[in-house]
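In what follows, chains carry the letters A, B, and so on, assigned in the order in which the sequence lines appear, proteins first and then strands, with residues in each chain numbered from 1. Since we're looking at a predicted model, the values are computed, not measured.
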Amino acid sequence: MKKRIPAVFLLLVILAGGLVLRVSRYGYAFQDRGAIMAPSTAEHWTGTDELGRDRTVRVAAALFIGLMGAAAAAAITTAIAACFGLLAAFSPSSVAALLMFLSDGFLSLPWLFLLMMARSLLPLTASPLETAVTTFLVLAALGWPACAHAIYRGARSLRSAEWMIQGRACGLKSRQLIRLHIVPHLRPLLLPQFLVCVPAFLVAEANLGALGLGVGEPMPSWGAMLLELDNSALLARSHWVYLPIALLALLLLILESFAEVETHA
Amino acid sequence: MRRLLRSPLLLAGLLMTLTVFAPCQAAPRQPGELAWAIHYDPKSFDPAKVDDEASELVRYLTGGVLLRLNRQTQEPEPQLAESYRVSPQGTLIVFKLRDGLRFSDGSALTSADVAWSLRRVLAPATQSIVAAEFLAPGEVTIDAPDKLTVRVHLPKRVIAVGKIFDEIAIEPANRPSEGRVTSGPFAVAEYKRDQFVRLRRNPNYWRRDGAGAQLPYAAGIRLDIQNNREEEISLFLRGEYDLIDRLAPEYFGILAKKSPQSVRDLGASLNTEQLWFNQAPSAPLPEFEKAWFRNRGFRVAVSQAIHRADLARIAYDGHATRADGFISPANKTWHNDALKAPHENAADANQMLAASGFHRGNQLYDSAGHAVRFSILTNAGNAARQKMAAMIQQDLAATGMQVTIVALDFPALIERLMHKQDYEACLLGVTNAEPDPSSMMNMWLSSSANHQWNPSQKTPATEWEAEIDRQMELQASSPVPSVRKLAVDRVQQIVADQQPFIYLVYPNVLEAVATELRGVQPSILSPGPAWKIEWMRRAEGGR
């Protein structure tokens with residue numbers, strides 16, 4: 001039951017976002033130049049932004065782009081971490097030590113600056129979709145070392161488990177051992193890692209966006225929308241400017257509760 | 001939640017968010033000091049090498065000049081020169097210096113210093129932008145027959161004498177000091193990169209007020225390097241700053257509500273906002289892209305597709321006027337009232353593109369089948385420009401062009417524009433310091449490094465650029481006002497026909513001046529409210 005509450009909330013948020021995108025007449029990039037910073041109306045439920053773009057649609061689109069991007073990046077980073085952790089766990093101790101040293105070295109890099117550097121190396125003509133994909137790929141590529149450590153420790157304990165020895169004695173090949181025994185046993189470790197990464201990547205993208213290095217305009221992103229909060233002129237004109245940060249905070253709480261419940265399950 | 005805070009990504013994110021939205025703090029104000037913000041570090045304190053606005057302001061505040069252009073009457077007024085005389089042919093200018101002039105370090109200022117400073121500006125090694133305004137700087141000779149007389153021999157008549165000498169600061173001969181030893185009202189006292197430039201009063205400044213009191217009144221000036229407009233407004237409202245020059249339009253309404261006496265809309269400025277395409281042969285762009293940008297039909301179609309009235313209304317909250325040419329209607333003497341600019345219409349734009357070899361599929365393609373997609377660079381931190389870029393992105397999408405917007409910080413932008421020429425299109429503004437078109441020579445002459453769409457040409461790349469060169473040189477050398485006007489009108493028409501710069505809007509001059517500040521006189525010309533700096537001071541009781 002405890003596990004279902006955040007899942008239900010998450011589903012509700014996603015359904016609401018999907019409904020908005022489904023029923024709205026406007027695309028996220030459409031500029032209604034006759035309705036700049038419009039208040040809440042039947043046409044624009046939460047008003048429009050400085051360029052007359054429907055705020056509800058943009059928030060809903062940012063929700064989907066952010067969630068899908070963060071989930072995909074979290075899946076990739078968890079997969080990389082799993083591969084790295086397993087490789088280290090089932091390697092001779094000297095190789096394992098080297099791999100973990102590499103992972104530690106990677107962890108100690110100034111990742112935020114690397115992230116900014118990698119993102120700024122994109123060609124100027126990169127489309128908004130390409131910038132979004134690259135942003136989340138870069139996050140995935142830089143986020144795995146912390147997970148790899150946890151997985152290494154978990155997999156290390158599996159290596160000497162009795163059922164592993166029995167599996168080997170029964171003639172199971174390595175691939176079969178991984179599929180039938182290791183992955184199911186690591187699942188309680190991998191899923192929380194994945195769930196922890198999703199909100200972390202959402203926040204990282206929002207910060208990159210606030211620095212102008214996230215998803216390119218006119219594609220909506222949390223970061224670009226949060227930038228509106230840095231403009232007192234806008235804050236004075238509409239309270240709906242706070243909608244993206246309120247929704248982002250709600251989303252992060254839901255995702256974190258989800259991860260918390262899964263970790264303690 | 002504990003876990004949320006333990007995550008390094010999240011923690012860094014939260015820290016960054018706190019940094020971005022942290023309250024601002026200005027450096028402490030020294031007694032009698034004026035303070036306001038500039039938006040980036042001056043690139044050079046050497047007055048002869050100024051080529052950006054921040055450095056120009058520092059030069060204005062520190063540099064002593066022979067003549068100063070009155071920002072209201074637009075007439076030159078003698079400064080270090082007590083008087084000057086131009087020969088009937090316009091090829092000899094004789095300056096008579098004031099007696100007893102001194103630099104800020106107490107050393108005497110003589111004609112030798114003036115001659116040295118002028119020669120330094122004219123020397124090719126200095127690469128001074130002002131030199132181009134002499135038309136043939138290599139042929140200018142200077143002599144100083146006595147301590148108070150300087151003669152400038154010109155190979156050709158130069159019209160805007162007041163403007164040119166307004167930009168040449170007189171420094172001690174053979175002792176260039178990057179603004180630390182000056183003959184102007186202030187001298188550079190301290191510079192902290194990314195923080196502030198502090199100027200102190202020149203105790204030996206030549207000028208006194210009617211009662212005989214030494215000018216300037218202010219003990220010093222602190223120019224904070226402040227790229228965040230939000231913080232600038234906040235510091236102004238807290239009384240930490242005395243003025244805001246070129247107030248961003250979105251804040252005009254807010255300040256007008258909170259402090260109606262402090263804000264002023266002076267109407268259309270002489271400045272322009274424009275979009276241009278990179279036509280430089282050396283640009284590291286594919287040849288097919290260069291071919292688009294050199295195609296007049298392509299440029300005209302882009303111009304036709306842009307809704308300028310929307311740009312003025314939305315990006316500037318109505319504090320701007322749509323633009324067709326490089327001379328603002330505020331410049332009544334030189335604006336071409338009969339200018340014929342391309343008609344703004346999306347259907348006409350599509351027709352023009354079709355006639356120029358482009359065709360539509362699900363997007364726009366050139367005749368070789370390349371999809372038309374390019375990026376528009378603009379500077380980060382300028383909300384109006386970023387809004388205009390987003391609106392142009394949508395306007396051009398109606399023609400099938402795919403545009404991406406890239407906002408870079410100013411130094412990175414200048415690096416791409418001026419040095420690497422690694423960009424496709426750029427949206428920026430030009431600040432016109434004075435109305436006379438002679439001051440725009442460095443932008444229009446094809447040989448100039450500031451001829452942005454194709455700089456430093458050895459010979460004009462096109463016939464129409466050659467014609468612009470001829471007409472600009474004619475207007476700069478002819479003593480007959482009607483001939484000059486005809487030449488400038490012709491240049492305006494060529495530019496409207498060819499659209500090397502696609503003019504968007506003329507922003508209005510918006511400024512905010514603290515109610516405690518005295519001695520301020522409004523002007524639409526740069527440096528705006530600070531042009532009478534010698535007379536500016538805070539009222540008694542002001543912080």
Side-chain angles (χ1 to χ4, degrees), chain A residues 29-31 33-34 36-37 50-53 107 110-112 115 120 122-128 130-131 139 142-143 146 192 195-197 199-208 210-212 216-218 226-227 229-237 245 252-253 255-257 259-260 263, chain B residues 1-4 6-17 20-21 228-231 233-234 248-255 257 289 307 310 313-315 317 373-377 380-381 383 386-387 389-391 393-395 397 402-409 412 416 422-424:
Chain A
F30 177 75
Q31 298 169 2
R33 294 185 181 174
I36 302 300
M37 286 301 285
E50 297 175 279
L51 293 171
R53 298 178 297 196
L107 203 60
W111 64 269
L112 186 65
L115 206 101
S120 64
L122 269 185
L124 298 181
T125 48
S127 70
E130 288 166 343
T131 60
L139 288 173
L142 295 176
L195 291 172
V196 165
C197 284
F201 288 160
L202 270 181
V203 173
E205 185 282 317
N207 278 296
L208 278 181
L211 293 169
E217 283 278 346
L226 292 185
L227 269 181
L229 294 174
D230 199 23
N231 185 332
S232 58
L234 288 183
L235 297 180
R237 286 171 75 177
I245 196 160
L252 289 174
L253 278 175
L255 288 169
E256 178 54 27
S257 315
E260 194 92 1
T263 307
Chain B
M1 196 66 192
R2 273 177 289 129
R3 187 159 191 161
L4 194 73
R6 277 204 305 272
S7 161
L9 280 167
L10 283 180
L11 202 56
L14 287 172
L15 284 173
M16 283 195 56
T17 309
V20 168
F21 299 110
N228 185 330
R229 295 279 181 159
E230 190 73 23
E231 289 186 13
I233 301 283
S234 167
E250 66 263 33
Y251 296 112
F252 187 87
I254 287 189
L255 280 180
K257 273 185 199 156
E289 280 193 20
H307 298 292
D310 284 352
R313 179 174 58 84
I314 296 169
D317 278 355
R373 56 189 288 194
F374 57 85
S375 60
I376 297 178
L377 290 193
Q386 282 174 273
K387 278 190 239 174
M391 295 169 78
Q393 185 182 42
Q394 174 158 308
D395 287 343
Q402 270 189 14
V403 176
T404 54
I405 300 162
V406 182
L408 297 176
D409 63 85
R416 277 184 182 268
D422 184 9
Y423 71 99
E424 290 160 318

Check whether any side-chain heavy atom of B:Ile314 sits under 4.5 Å from a side-chain heavy atom of A:Glu50, and report yes or no.
no
With only heavy atoms counted, which part of A:Glu205 is less than 4.5 Å from chain B, the side chain, the backbone, both or neither?
neither
Answer whether the closest heavy-atom distance between the side chains of B:Arg416 and A:Leu124 falls below 4.5 Å.
yes
So for B:Asp395, is it side chain, backbone, both, or neither that comes closer than 4.5 Å to the heavy atoms of chain A?
both
Min side-chain heavy-atom separation A:Ser127-B:Arg373 under 4.5 Å:
yes
Could you tell me the separation between the CD1 atom of B:Ile405 and the CD atom of A:Glu217, rounded to the nearest 0.5 Å?
6.5 Å
Side chain from CB out, backbone as N, CA, C, O: work out which of these in B:Arg229 comes under 4.5 Å of a heavy atom of chain A, or both, or neither.
neither
At what distance, to the nearest 0.5 angstrom, does CZ of A:Arg33 lie from CZ of B:Arg313?
8.5 Å
For B:Thr404 versus A:Pro128, what's the shortest heavy-atom pair and its separation?
CG2-CD, 4.4 Å
So what's closer than 4.5 Å to chain B heavy atoms on A:Ala29: side chain, backbone, both or neither?
backbone
One should read off an interatomic distance between B:His307 NE2 and A:Gln31 CD, to the nearest 0.5 angstrom, of 10.5 Å
Specify which of B:Gln386, B:Gln393, B:Glu250, B:Met391 makes the most heavy-atom pairs with chain A at under 4.5 Å.
B:Met391
What part of B:Ile376 is in contact with chain A, defined as an atom under 4.5 angstrom from a non-hydrogen atom: side chain, backbone, both or neither?
neither
Which atoms of B:Ala380 come close to chain A, meaning under 4.5 Å heavy atom to heavy atom: side chain ones, backbone ones, both, or neither?
neither
